[in-house]
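Remember, predicted model here, so these are calculated numbers, not experimental data.
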Amino acid sequence: MKIFTHLIIIFFIVTTLYSNETNEDQVKVAYVYNFLKNISWKNEDKIEKYRLLIASENKTLKNMFLMLSSRKQLKNKNLEILIYEEKKTYENIQAIYIDDSYVEIYEKLFFEFEKKNTLFISNEYKDKKHVMINLLKDETKITFEINKANILNRSLEISANLILLGGTQIDVAKLYKSSQDALKIQKETINSLNQRIKDKNLELISKINSIEEQKLVITTQTKNIKNYEEKLKAQTKLLQKQSIQLEEEKRQLKEIYKNIESQKEKLLNAILNVKEKEGVVKSLVNLQKEKQEEFENAKKDLEFLNSQIQEQKNNLVIKENIISEQKNAMGVLAVLFIIILILGINGIRQNRLLKKLSQTDSLSSLYNRRFINQKLEEEILKFKRYKTLFSILLIDVDYFKKINDNYGHDKGDFVIKKISSLIQQNTRNTDINARWGGEEFLILAPNSDSIGALKLANNLKKLIETYQFGVEHKVTISIGVSTFDENSNLEKLLKLADDALYKAKENGRNRVEMA
């Protein structure tokens with residue numbers, strides 16, 4: 001592309017050379033080139049390329065310099081042309097050409113670059129003190145003058161090929177004629193080059209189109225690879241999360257087994273106590289029967305005594321003693337009846353306690369999973385019969401493992417108990433609250449649609465996140481909500497609530513999601 005750019009520049013410059021106004025510019029360009037050829041710089045062997053800075057408003061002149069740098073070398077090194085811009089800074093400049101269009105910044109550039117062994121070539125600059133080489137116009141001829149002292153003071157050397165005093169002159173008319181012949185040859189060369197450029201452009205366009213097609217294929221394949229990588233990363237993350245959840249569930253299952261064994265042992269002890277008390281109650285019942293028989297016998301004796309009283313009024317003392325003894329016996333029977341009644345009530349309480357133990361969770365005092373499953377089945381039957389809507393809320397404590405790890409299981413149990421208490425206090429009497437397992441809770445809300453269930457869930461979420469549990473770690477909950485409909489069953493209802501809870505966890509926790 002650089003070759004094409006240079007050729008276009010050459011074509012533009014050659015075209016402009018056909019006007020008479022460009023003759024002087026040609027001479028100036030030729031002069032500048034010859035000045036550079038006959039000037040030697042300090043440490044010239046270390047110069048990689050010669051940099052010429054052009055400060056001029058003359059576009060034709062600037063284009064001619066650019067053409068010169070593209071066609072010729074200077075002392076077997078590249079010649080680089082820089083066009084001056086005020087806002088830019090320049091380094092390693094070997095020569096500066098500046099004409100009257102930039103006369104106001106001449107001294108600024110002179111004092112900036114004179115200590116850097118830079119050659120100044122000016123165009124009709126009036127102040128001779130700051131001149132090194134100055135171009136002058138005399139009618140149809142252009143001459144130049146040299147300030148040898150200024151050049152030598154800057155560690156620059158002048159070749160003997162330059163005439164130092166009075167300068168030299170070039171016949172513009174003769175130069176114009178010779179340039180016209182050269183331009184004719186250049187024009188033919190440029191036409192040939194243009195045709196080759198067109199052919200090359202067609203070939204390049206074909207190759208570019210082919211490359212673009214390959215780029216589209218590569219882009220599509222890259223997108224497919226990225227999509228596959230993203231899916232693979234998502235699946236990997238999901239597997240990792242599921243693995244972590246599985247380990248956590250295993251740990252929770254072990255704890256549940258331990259709790260079940262503990263509850264079994266307590267239940268066996270309670271059953272043994274009940275059996276012992278049943279034996280006591282049976283013996284008391286037998287005793288009551290015996291006393292009842294004694295009471296009947298005593299009653300008969302009393303009747304007999306009454307008849308004797310009627311018959312024998314004179315034996316009052318004996319009768320009174322007998323009556324007193326019978327009253328004492330009745331008192332004993334009354335005490336025995338009260339004892340039997342207390343034992344019966346205690347047995348009823350023990351039965352209720354056993355029933356409660358079989359239905360409730362020991363830590364949270366909420367209903368256990370087995371009981372809530374029975375109630376869910378009952379609500380499903382009620383829905384099928386009466387179309388009565390109901391919803392469930394599946395609740396999980398966020399980052400509960402961190403609480404146990406940082407503060408111990410006692411603090412974790414305290415959080416479970418407190419959350420259970422807050423749930424029990426802030427739900428309806430008809431709502432059934434249960435500990436589902438570990439740090440999970442389930443609320444069965446009868447006669448509640450999705451709107452009412454969401455309202456209850458959001459109220460509980462706000463209540464928990466604002467409550468002070470006495471730990472630095474902020475305690476929050478995530479809730480999944482689902483409502484039973486005609487297409488549901490118990491398994492699907494629980495699955496929808498669990499999916500909504502998982503979504504709440506994925507979206508940042510401490511939030512409510514509806515299935």
Side-chain angles (χ1 to χ4, degrees), residues 235 238-239 241-246 248-253 255-257 259-260 263 355-356 358-361 364 366-398 400 416 419-420 423-424 426-461 477-507 509 511-515:
Q235 290 176 353
L238 183 60
L239 286 172
K241 187 170 184 180
Q242 289 176 347
S243 177
I244 293 170
Q245 289 178 345
L246 185 61
E248 180 64 20
E249 288 175 359
K250 285 181 179 179
R251 187 188 64 78
Q252 292 176 0
L253 193 59
E255 291 182 359
I256 291 170
Y257 284 152
N259 291 334
I260 289 172
Q263 294 295 332
K355 185 177 180 181
K356 185 177 180 182
S358 67
Q359 293 178 348
T360 59
D361 175 67
S364 63
L366 300 179
Y367 288 113
N368 58 24
R369 189 165 183 160
R370 186 174 66 83
F371 180 80
I372 195 72
N373 275 327
Q374 293 176 357
K375 290 298 179 181
L376 286 169
E377 294 287 357
E378 292 175 6
E379 285 298 322
I380 291 172
L381 292 175
K382 191 186 296 183
F383 175 86
K384 289 179 179 179
R385 181 176 296 177
Y386 304 110
K387 303 299 180 186
T388 305
L389 285 175
F390 71 94
S391 300
I392 65 169
L393 283 70
L394 188 58
I395 302 169
D396 185 80
V397 182
D398 298 327
F400 183 73
I416 292 294
I419 290 176
S420 303
I423 290 173
Q424 194 71 9
N426 291 275
T427 51
R428 302 172 301 177
N429 292 334
T430 55
D431 294 336
I432 300 172
N433 308 314
R435 186 182 180 194
W436 191 243
E439 66 271 20
E440 286 188 333
F441 304 89
L442 190 141
I443 299 175
L444 168 60
N447 298 314
S448 179
D449 57 11
S450 58
I451 296 173
L454 279 173
K455 184 177 180 182
L456 173 61
N458 281 307
N459 288 340
L460 290 174
K461 180 185 78 69
I477 58 173
S478 298
I479 305 176
V481 181
S482 63
T483 300
F484 194 85
D485 56 29
E486 294 180 352
N487 299 320
S488 294
N489 55 36
L490 179 57
E491 182 179 354
K492 185 176 179 181
L493 178 69
L494 293 171
K495 179 68 168 58
L496 288 172
D498 189 59
D499 290 344
L501 176 59
Y502 179 79
K503 185 177 178 182
K505 293 284 187 181
E506 284 289 301
N507 291 336
R509 293 181 168 82
R511 59 186 292 116
V512 177
E513 292 290 347
M514 184 72 194

Residue pair [X] / [Y]: nearest heavy atoms and the distance that separates them:
| X | Y | value |
| --- | --- | --- |
| Leu366 | Ala434 | CB-CA, 4.0 Å |
| Asn489 | Ile380 | C-CD1, 4.5 Å |
| Ser488 | Thr483 | OG-O, 4.5 Å |
| Met514 | Ser450 | CE-CB, 3.2 Å |

inquiry  = With side chain to side chain contact (heavy atoms under 4.5 Å, CB included) as the criterion, how do Ile443 and Ile423 come out once you've worked through the C-alpha distance, each side chain's angles and the decisive distance to 0.1 Å?
reply    = CA-CA 9 Å; Ile443 299 175; Ile423 290 173; 3.7 Å; yes
inquiry  = So for atom NZ, which belongs to Lys241, do other residues, nucleotides or ligands contribute more than 12 heavy atoms lying within a distance under 6.0 Å?
reply    = yes
message = With a sphere of 6.0 Å drawn around CG of Leu253, does it hold more than 12 non-hydrogen atoms of other residues, nucleotides or ligands?
response = yes
Find the distance between [atom1] ([X]) and [atom2] ([Y]) and round it off to the nearest 0.5 Å.
| X | Y | atom1 | atom2 | result |
| --- | --- | --- | --- | --- |
| Ile477 | Ile395 | CD1 | CD1 | 5.0 Å |
| Asn433 | Ile419 | CG | CD1 | 13.0 Å |
| Arg369 | Trp436 | CZ | CH2 | 4.0 Å |
| Arg251 | Glu248 | CZ | CD | 4.0 Å |
| Leu444 | Leu376 | CG | CG | 5.0 Å |
| Lys495 | Leu493 | NZ | CG | 12.5 Å |

message = Run Leu494 and Ile392 through side chain to side chain contact (heavy atoms under 4.5 Å, CB included) and show every step you take.
response = CA-CA 8 Å; Leu494 293 171; Ile392 65 169; 3.9 Å; yes
task = Quick one: sort the Phe390 and Phe383 rings into parallel, tilted or perpendicular, breaks at 30° and 60°.
result = perpendicular
Under a 3.5 Å distance rule, please check whether [X] uses its side chain to pair with a backbone N or O of [Y] as donor and acceptor.
| X | Y | result |
| --- | --- | --- |
| Asn507 | Lys503 | yes |
| Ser391 | Ser448 | yes |
| Arg435 | Ser420 | no |

message = Which residues pass the side-chain contact (heavy atoms from CB on, under 4.5 Å) test with Leu238, not counting sequence neighbours?
response = Gln242, Tyr502
[X] versus [Y]: any side-chain heavy-atom pair under 4.5 Å?
| X | Y | answer |
| --- | --- | --- |
| Asn426 | Asn459 | no |
| Arg428 | Pro446 | yes |
| Asp499 | Glu513 | no |
| Phe441 | Val397 | yes |
| Leu460 | Val512 | no |
| Lys375 | Glu379 | no |

message = Within the 3.5 Å criterion, strictly below it, is a donor on Ser478 or Asp398 matched to an acceptor on the partner's side chain?
response = yes
key: Residue pair Tyr367, Leu442: steps toward the side chain to side chain contact (heavy atoms under 4.5 Å, CB included) verdict   = CA-CA 9 Å; Tyr367 288 113; Leu442 190 141; over 6 Å; no
task = Verify side chain to side chain contact (heavy atoms under 4.5 Å, CB included) between Lys250 and Leu246, making sure each step is shown before the conclusion.
result = CA-CA 6 Å; Lys250 285 181 179 179; Leu246 185 61; 4.1 Å; yes
